[in-house]
Amino acid sequence: MTLEFVESMKNLKVRNDDVFLVTYPKSGTIWTQQILSLITSEGHRNGTEKINTNERVPWLEFPQLNENIDHNSRPSPRMFVSHLSEAFVPRELKNKKGKVIYVMRNPKDVMKSFYHFQDIAVLAEKSPNFDHFFEKFLDGEVYAGKWFDHVRGWYTHKNDYNILFLKYEDMIKDLRSTVKKVCSFLGIKLDDEAMDIVVKKASFKEMKNDPLANKDNMPEDLIDKKLGSFMRKGQVGDWKNLMTVAQNETFDKIFQEKMGDLSLNFTWQIS
Ligand SMILES: Nc1ncnc2c1ncn2[C@@H]1O[C@H](COP(=O)(O)OS(=O)(=O)O)[C@@H](OP(=O)(O)O)[C@H]1O
């Protein structure tokens, strides 16, 4: 990804039936790519088409991950996935052209997932320990910058977009309801049998064993599978196994300062 390319994406011609999935890293990106793939493709549901979710929902800002795909020449309907901040996505989306699905996850679990991801992400700058990563995350010295800015940017500009917000924890609690919400947002009707398949194939257990959906097919120079799995735990509240009491207090204080004025609630654990 070059800055020049990202800049050029601001001018991408948006089509009415485009769908942009946007996330801060580690918030449920591949999960929602899989859900979108299953909802929109019968061949993905019944296993007759062997296409990676990363190809069905290609990266907006990483064309090299999809054989240098040229988004302009893709047939409609197109789906995209992106980690871009609100200020960097195609401007035409602001005219409520196309649809945006923004998935968020409680930032303590995001941070923990991100910390472990550096073990397997070959190109990631490694932190020697969690204390170091904790500071880096708070300072936004990680890919995609500060979590607080990313979420705030999208949330406070929500009225400019045709946008559906989803939360990772809601997906954990009731995946079927989330799938229904996505179907309704996309104007797609699935019968009960198709819905059952989507919910089953988008479960953590199924995805962990599905190389089309779990990044096992990623090149080894990007993800080193010997060092860990991309589908790590898929839980809510795993941050408790890593953050100290002091770090948690610091985080809560910063969260309150930066997000306290927004009507956004997160689920920090599920008992
Ligand atoms: N089906 C399903 N159910 C529950 N959780 C799931 C599922 N699929 C992916 N995951 C978890 O999502 C985390 C990876 O997030 P992303 O896909 O956003 O990562 S990335 O930004 O694309 O690198 C990562 O979270 P952690 O396990 O906490 O590390 C994945 O395990």
Side-chain angles (χ1 to χ4, degrees), residues 1-10 12 19-33 36 53-54 57-66 71 79-91 93-94 100-127 130 132-158 160-161 163-169 171 215 218 222-223 230-232 234 238-239 242 251 254-255 258-259 262 264 266:
M1 180 183 69
T2 60
L3 251 184
E4 201 183 359
F5 183 79
V6 171
E7 277 294 324
S8 76
M9 281 301 102
K10 281 189 186 167
L12 183 82
V19 177
F20 288 75
L21 162 64
V22 186
T23 61
Y24 184 86
K26 315 320 290 178
S27 300
T29 322
I30 192 74
W31 194 3
T32 318
Q33 281 175 281
L36 286 172
T53 51
N54 263 331
V57 191
W59 284 95
L60 174 66
E61 65 269 27
F62 300 116
Q64 67 278 17
L65 292 183
N66 295 93
H71 294 305
M79 296 192 282
F80 300 84
V81 62
S82 175
H83 284 324
L84 291 181
S85 304
E86 187 272 334
F88 287 100
V89 290
R91 288 196 195 100
L93 280 169
K94 278 207 168 202
V100 179
I101 298 177
Y102 187 84
V103 186
M104 45 187 136
R105 181 181 190 184
N106 91 58
K108 295 178 190 174
D109 280 329
V110 166
M111 184 170 48
K112 169 126 200 230
S113 181
F114 218 147
Y115 175 60
H116 289 293
F117 181 60
Q118 60 166 8
D119 296 341
I120 60 168
V122 177
L123 302 177
E125 199 184 293
K126 321 279 179 207
S127 280
F130 181 66
H132 184 265
F133 187 80
F134 182 75
E135 298 301 331
K136 258 177 61 173
F137 184 84
L138 290 178
D139 292 343
E141 284 171 21
V142 289
Y143 180 73
K146 283 189 182 148
W147 178 91
F148 305 96
D149 293 346
H150 204 282
V151 173
R152 170 174 278 278
W154 277 102
Y155 194 70
T156 54
H157 289 92
K158 58 180 183 285
D160 296 342
Y161 297 91
I163 190 164
L164 172 72
F165 287 99
L166 298 176
K167 288 190 185 141
Y168 179 97
E169 295 76 16
M171 291 159 71
K215 303 222 181 186
M218 288 279 281
L222 293 178
I223 303 249
F230 186 90
M231 301 288 297
R232 198 181 58 87
D238 190 36
W239 58 270
L242 191 63
F251 198 97
I254 295 172
F255 182 87
K258 295 203 179 277
M259 311 299 278
L262 301 179
L264 258 182
F266 287 93

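For this chain, numbers begin at 1 and follow the sequence in order.
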If you define the side chain from C-beta out and look only at heavy atoms, does anything of F80 sit under 4.5 Å from P90? no
Distance from L65 atom CG to W59 atom CH2, nearest 0.5 Å? 8.0 Å
is_close_aromatic(H150, Y102), centroid dist under 6.0 Å: yes
What are the two closest heavy atoms between M171 and T32, and how far apart are they? CE-OG1, 3.7 Å
NZ (K26) and NZ (K112) are apart, to the nearest 0.5 Å, by 13.5 Å
Tell me, with the steps shown, if Y115 and V142 meet side-chain contact (heavy atoms from CB on, under 4.5 Å). CA-CA 10 Å; Y115 175 60; V142 289; over 6 Å; no
Considering only heavy atoms from C-beta outward, does the side chain of E61 approach that of H83 to under 4.5 Å? yes
Show your reasoning for whether side-chain contact (heavy atoms from CB on, under 4.5 Å) applies to L262 and V151. CA-CA 10 Å; L262 301 179; V151 173; 5.7 Å; no
Residues T53 and Q33: closest non-hydrogen pair is O-NE2, 3.9 Å
Between the CG atom in N106 and the CG atom in L264, the distance rounded to the nearest 0.5 Å is 12.0 Å
Should F165 and M104 be marked as a side-chain contact (heavy atoms from CB on, under 4.5 Å) after you check the CA-CA gap, both sets of side-chain angles, and the distance that decides it? CA-CA 8 Å; F165 287 99; M104 45 187 136; 3.4 Å; yes
Could you report the tightest heavy-atom contact between V57 and V81, atom names first, then the distance? O-CG1, 3.3 Å
Side-chain touch K215/N54, heavy atoms, less than 4.5 angstrom: yes
Could you give the distance from NE2 (H71) to CG (N66), rounded to the nearest 0.5 Å? 7.5 Å
For the side chain of Y168 and the backbone of G28, is there at least one donor-acceptor N/O pair under 3.5 Å apart? no
May I ask you to establish whether K136 and F133 are in a cation-pi arrangement, using a distance under 6.0 Å from NZ or CZ to the six-membered ring centre and at most 45° from the ring axis? no
State, to 0.1 Å, how close L60 and M9 come at their nearest heavy-atom pair, and which atoms those are. CD1-SD, 3.4 Å
Determine whether K258 and W147 make a side-chain contact, defined as any pair of heavy atoms from C-beta on separated by less than 4.5 Å. no
Hey, what do you get for CG (L242) to NE2 (H116), rounding to the nearest 0.5 Å? 5.5 Å
For V89 against L84, the heavy-atom pair lying closest together: CG1-CB, 3.9 Å
So with a 6.0 Å cut-off around CG of L123, is the heavy-atom count from everything else above 12? yes
Are any side-chain N or O atoms of E169 and backbone N or O atoms of F266, one a donor and one an acceptor, separated by less than 3.5 Å? no
Mind running side-chain contact (heavy atoms from CB on, under 4.5 Å) on M259 and Y155 for me, showing each step along the way? CA-CA 11 Å; M259 311 299 278; Y155 194 70; over 6 Å; no
Taking the side chain as C-beta and beyond, is there a heavy-atom pair between E4 and E7 under 4.5 Å? no
Within the 4.5 Å heavy-atom criterion, are R232 and I120 side-chain neighbours or not? no
Nearest atoms (heavy-atom pairs only) where V110 meets S27: CG2-OG, 3.7 Å
Name the one of F148, F88, Y161 that satisfies ring-ring contact (aromatic ring centres under 6.0 Å, His included) with W154? Y161
Does a side-chain heavy-atom distance below 4.5 Å link F20 with S82? no
Is any side-chain N of the basic residue among E86 and K94 closer than 4.0 Å to the acidic one's carboxylate O? yes
Which distance, rounded to the nearest 0.5 Å, do you find between the NZ of K10 and the CZ of F5? 14.0 Å
If we only count heavy atoms from C-beta on, is the P107 to Y24 side-chain gap below 4.5 Å? no
